[in-house]
**Q** 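Please find one structure pasted underneath; my questions will follow.
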Amino acid sequence: MITVLNHPLITHKITQMRRTTTRTKDFRENLDEIAGLMAYEITRDLKLEPVTIETPVETCETYELNRDIVLVPILRAGLGMVNGILDLIPTAKVGHIGVYRDEETLMPHEYFAKFPENLGEAEVMVLDPMLATGGSADAAIEMVKKRGAKSIKLVCLVGAPEGVEVIKEKHPDVDIFLAALDSHLNDKGYIVPGLGDAGDRIFGTK
């Protein structure tokens with residue numbers, strides 16, 4: 001399933017991020033805020049379990065989350081989405097995946113991986129601002145699946161149809177959440193109109 005979050009606040013903030021004149025500070029802050037806004041939709045179907053608690057007034061039958069949530073940003077740009085979601089889910093654990101894309105072949109290569117131990121019982125959210133060719137996301141999803149993850153969501157800011165199709169074909173069991181679905185990829189594998197290199201714009205490295 002693919003969900004594109006057509007919310008006025010998200011659209012407004014993405015517009016600010018797309019501008020070439022947007023500086024690192026504002027780019028980073030908008031990404032943080034969009035991730036937080038997306039978190040409400042991403043978590044809509046989280047499982048609950050009944051609990052009995054004591055309020056200041058009386059005993060109450062209610063519900064609470066029954067599974068851990070693990071955020072897995074794809075380094076390095078995925079780090080820009082972590083804080084916005086942690087603001088909403090401060091108990092979430094955070095794993096990390098390092099995948100870089102060969103600029104000539106566009107193929108992904110793993111260089112780092114570290115995860116909490118409970119991936120098999122957790123709700124796992126793989127984070128990356130850009131879903132372009134789908135290569136990095138595909139590799140990251142394979143990595144968490146090999147470590148036992150069963151319930152996985154791919155959360156991206158901007159996606160291209162080509163990348164979406166790759167994930168739908170290779171991982172039909174993974175739900176995709178986007179803030180915007182753009183037109184296509186150019187001959188260099190960048191999303192059009194996109195917002196440029198998210199990692200460079202988040203960290204001010206270009």
Side-chain angles (χ1 to χ4, degrees), residues 17 24-25 27-39 41-43 46 65 67-103 105-159 163-164 166-167 170-171 173-179 189 191 195-206:
M17 295 180 70
T24 298
K25 174 180 178 293
F27 189 92
R28 188 184 299 137
E29 288 178 351
N30 276 287
L31 176 57
D32 194 57
E33 292 165 1
I34 292 171
L37 291 169
M38 293 182 72
E41 186 65 29
I42 299 163
T43 57
L46 293 182
L65 294 174
R67 305 182 78 180
D68 284 338
I69 297 171
V70 177
L71 309 180
V72 182
I74 300 177
L75 301 178
R76 62 188 164 135
L79 291 172
M81 302 181 70
V82 171
N83 286 341
I85 299 176
L86 283 179
D87 285 344
L88 187 70
I89 318 169
T91 57
K93 299 176 181 179
V94 182
H96 296 85
I97 291 178
V99 180
Y100 73 90
R101 185 176 68 168
D102 186 294
E103 293 299 327
T105 67
L106 303 183
M107 296 299 295
H109 298 273
E110 173 189 337
Y111 67 88
F112 183 80
K114 191 171 182 64
F115 306 99
E117 295 180 353
N118 64 332
L119 289 189
E121 293 76 42
E123 297 283 345
V124 178
M125 301 180 189
V126 176
L127 312 178
D128 195 353
M130 313 301 285
L131 177 56
T133 64
S136 295
D138 172 37
I141 291 168
E142 285 291 348
M143 290 166 68
V144 297
K145 283 184 173 180
K146 287 178 180 178
R147 290 163 172 84
K150 298 179 179 64
S151 180
I152 305 168
K153 301 177 190 296
L154 175 62
V155 185
C156 303
L157 192 71
V158 177
V164 169
V166 167
I167 301 305
K170 294 191 175 183
H171 304 283
D173 55 327
V174 172
D175 291 335
I176 305 169
F177 292 85
L178 301 175
I191 300 173
L195 44 77
D197 188 305
D200 283 340
R201 298 192 71 187
I202 291 167
F203 299 107
T205 51
K206 194 171 185 178

**Q** Answer yes or no: is there a side-chain heavy-atom contact under 4.5 Å between Asp68 and Pro116?
**A**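 No - every pair of side-chain heavy atoms lies 4.5 Å or more apart.
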
**Q** Report the distance from atom CE of Met17 to atom CG of Leu157, rounding to the nearest 0.5 Å.
**A**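 CG of Leu157 is found 5.0 Å from CE of Met17.
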
**Q** How long is the straight-line distance from OG of Ser151 back to CE of Met125, given to the nearest 0.5 Å?
**A**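 Nearest 0.5 Å value for the CE-OG distance: 8.5 Å.
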
**Q** Specify the closest pair of heavy atoms between Gly134 and Val166, including all atoms of both residues, with the distance to one decimal.
**A**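 Answer, listing the atom of Gly134 first, then Val166: O-CG1, 4.2 Å.
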
**Q** In Å and rounded to the nearest 0.5 Å, what is the NE2 to CG distance from His96 to Leu79?
**A**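 His96 atom NE2 to Leu79 atom CG measures 5.5 Å (nearest 0.5 Å).
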
**Q** Mind listing the closest non-hydrogen atom pair of Leu195 and Arg201 along with its distance?
**A**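 Nearest pair, atom of Leu195 first, then Arg201: O-NH1, 2.9 Å.
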
**Q** I need the Leu131 CG to Leu154 CG distance, nearest 0.5 Å.
**A**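 Here the interatomic distance stands at 5.5 Å.
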
**Q** Which atom pair, heavy atoms only, marks the closest approach of Arg28 to Ile202?
**A**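 Nearest pair, atom of Arg28 first, then Ile202: NH2-O, 2.7 Å.
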
**Q** Excluding sequence neighbours, so at least two apart, what forms side chain to side chain contact (heavy atoms under 4.5 Å, CB included) with Glu41?
**A**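 Residues passing side chain to side chain contact (heavy atoms under 4.5 Å, CB included) with Glu41: Thr3, Leu5, Arg44, Phe177.
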
**Q** Before you tell me yes or no, could you show the steps for Val72 and Lys93 under side chain to side chain contact (heavy atoms under 4.5 Å, CB included), namely the whole-Å CA-CA distance, both residues' side-chain angles and the distance that decides it to 0.1 Å?
**A** CA-CA 9 Å; Val72 182; Lys93 299 176 181 179; over 6 Å; no

**Q** Using a 4.5 Å cut-off on heavy atoms from C-beta on, say whether the side chain of Lys170 contacts that of Ile141.
**A**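 When only atoms from C-beta onward are counted, Lys170 and Ile141 do not touch, as no gap falls below 4.5 Å.
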
**Q** Name all residues meeting the side chain to side chain donor-acceptor pair (under 3.5 Å) criterion together with Arg67; count only those two or more places apart in sequence or in a different chain, and write none if there are none.
**A**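 With neighbours one apart ignored, the set is Glu123.
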
**Q** Less than 4.5 Å apart, any side-chain heavy atom of Thr43 and any of Leu65?
**A**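 Sidechains of Leu65 and Thr43: no contact.
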
**Q** If I compare all heavy atoms of Leu88 with all of Ala39, which pair ends up nearest, and what's the gap?
**A**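 Residues Leu88 and Ala39, closest heavy atoms: CD2-CB, 3.4 Å.
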
**Q** Can you list the residues that meet the side chain to side chain contact (heavy atoms under 4.5 Å, CB included) rule with Ala140, with sequence neighbours excluded?
**A**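 In terms of side chain to side chain contact (heavy atoms under 4.5 Å, CB included), with neighbours along the sequence ignored, Ala140 is linked to Ile74, Ile97, Val126.
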
**Q** Within a strict 4.5 Å, meaning less than it, do heavy atoms of the Leu71 and Met81 side chains meet?
**A**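 Counting from C-beta outward, Leu71 and Met81 never come under 4.5 Å.
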
**Q** Between Glu29 and Lys25, does any side-chain N to carboxylate O distance fall below 4.0 Å?
**A**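 Judged by the 4.0 Å cut-off on N to carboxylate O distance, Glu29 and Lys25 do form a salt bridge.
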
**Q** By salt bridge (charged side-chain N to carboxylate O under 4.0 Å, His left out), which residues pair with Glu33, not counting sequence neighbours?
**A**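 Glu33: salt bridge (charged side-chain N to carboxylate O under 4.0 Å, His left out) contacts with Lys13.
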
**Q** Mind checking what makes side chain to side chain contact (heavy atoms under 4.5 Å, CB included) contact with Ala149, not counting sequence neighbours?
**A**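 Leu119, Val124, Val144, Ile152.
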
**Q** Using a 4.5 Å cut-off on heavy atoms from C-beta on, say whether the side chain of Cys156 contacts that of Ile176.
**A**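 No, every pair of side-chain atoms sits at 4.5 Å or beyond.
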
**Q** With sequence neighbours excluded, what pairs up with Asp32 under the side chain to side chain donor-acceptor pair (under 3.5 Å) test?
**A**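 None.
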
**Q** Within the 4.5 Å heavy-atom criterion, are Phe203 and Thr24 side-chain neighbours or not?
**A**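 With C-beta onward as the side chain, the pair stays apart.
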
**Q** With a 4.5 Å limit on heavy-atom distance, are the side chains of Met143 and Val99 in contact?
**A**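 Counting from C-beta outward, Met143 and Val99 do come under 4.5 Å.
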
**Q** Are Met38 and Leu127 close enough that some pair of their side-chain heavy atoms sits under 4.5 Å apart?
**A**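 Met38 vs Leu127: side chains apart.
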
**Q** Asp138 and Ile167: which non-hydrogen atoms are nearest, and at how many Å?
**A**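 Distance-wise, the nearest heavy atoms are N-CD1, 3.7 Å.
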
**Q** Closest approach of Gly95 and Pro73, non-hydrogen atoms and distance?
**A**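 Closest heavy-atom pair between Gly95 and Pro73: O-CD, 2.9 Å.
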
